[in-house]
Amino acid sequence: MPELPEVETIKLGLQGQVVGQTIKKIEVLTPKSFQGDPRNVNGQKISNVFRRAKMLGVELGNSWIVLFHLKMTGQIILVSNRARFVGGHPTSDIQGEMPNNSTRVIFELDNGSKIYFNDQRKFGWVKAISSKLIANSFNSLGPEPLEETFTLDVFKSQLQKRKNTPVKVVIMDQTVVAGVGNIYACEALFMANILPTRRIKDLTPKEVSKLHQAIVDVLTLGIKHGGSSRSHYVNSEGKKGHFLDFAFVYNRSGESCRTCQEVINKTVVGGRGTFFCRFCQR
DNA sequence: CACTTGACCTGTCCGC
DNA sequence: TGCGGACAGGTCAAGT
């Protein structure tokens, strides 16, 4: 899915637009994509929008929460009552008409705006969950990497949970650190000059420290560029993110390294496509 | 227990 | 053009 920077970008886009609005109607087009009782959502006022790991939460006045997980191809797009979408133009950065054939759930707000949950592959979900139970959804997640609590010591102790696993698999484990996925894992490892296949037990303290900083830096940079749009990701306005224009390795196999000019390689680690520079990363 | 692989879905791209 | 296979931002369950 969208990883932390993409979900954070959606959150920032929604916050100023939907807080204070009331959900007038919810329309579930694909039952698989929605869990829970729509009656807990209908007629409720939105009090807050937040992110935890790669999940987005919309808090309601009755203390229920609409929780979204976008997995690989999910989108959350807000279309204001006056918006006219421009579809089909080759240079357009914007999604076409809504709804489309991957629209799964539609929320209609009292000002006439609509929130579209689109998801081509149907891996993602939306659920209505009471705030009392939300802790259960979050309790196995690791620390939020962009919060103060994500110190080097915390990161070190989290890594201790694994020892003989490739470092890339470990930093993508949501119970170790929340929000890092395939793109940002590849990029963080490049920035820390560490090969993705290295085992945790073989990392030097200096490398662990460098990786800790690289994770924070790459996620921050991802947010700055509005996230990554390899294929499906768009923000709440339907616009693509531009982080990949600056990526060092992700999706760049065969191209030259921005640092040493050697060719970028691709392999498979933990079942996922993995990009690296064999000269910059050791 | 620690770690790896397959399944969940739909669409696109690439080679023959 | 058509067809088969590999692959795609994630996470579970089942397998070794």
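In the text below, chain A, chain B and the rest are named by the order of the sequence lines, each starting its count at 1.
Across C:dT1 and B:dT10, the matching P atoms stand 27 Å from one another, rounded to whole Å. Taking atom P in both C:dT11 and B:dG11, the straight-line distance is 22 Å, to the nearest Å.
Between A:Q120 and B:dC9 there is no side-chain N or O to OP1 or OP2 distance below 4.0 Å. Side-chain N/O atoms of A:T165 include one lying less than 4.0 angstrom from OP1 or OP2 on B:dC3. Dashed line: the shortest gap from a side-chain N or O of A:K266 to OP1 or OP2 of C:dA8 is under 4.0 Å.
Contact annotation: side chain of A:R121 to base of C:dA8, donor-acceptor pair present below 3.5 Å.
Judged purely by distance below 3.5 Å, without hydrogens or angles, the side chains of A:Y233 and A:E3 never pair a donor atom with an acceptor atom.
Look at B:dC9: it lacks any Watson-Crick or wobble partner with both distances under 3.5 angstrom.
For A:K54, taking side-chain heavy atoms from C-beta onward, the closest of the listed nucleotides B:dC9, C:dA8, C:dT11 is C:dT11. With distances taken from any side-chain atom of A:R162 to the nucleotides B:dC3, B:dG11, C:dA8, the minimum falls on B:dC3. Nearest nucleotide to the A:M72 side chain, out of C:dA8, B:dG11, C:dT11: C:dA8. Taking every side-chain heavy atom of A:P166 into account, B:dT4 is the closest of C:dT11, B:dT4, C:dA8.
The distance from the CZ atom of A:F276 to the CG atom of A:L195 is 6.5 Å, given to the nearest 0.5 Å.
Checking A:E144, A:E8, A:E59 one by one against A:R52, the salt bridge (charged side-chain N to carboxylate O under 4.0 Å, His left out) holds for a single residue, A:E144. With respect to A:N193, the side chain to side chain contact (heavy atoms under 4.5 Å, CB included) criterion is satisfied by exactly one of A:E207, A:K210, A:R282: A:K210.
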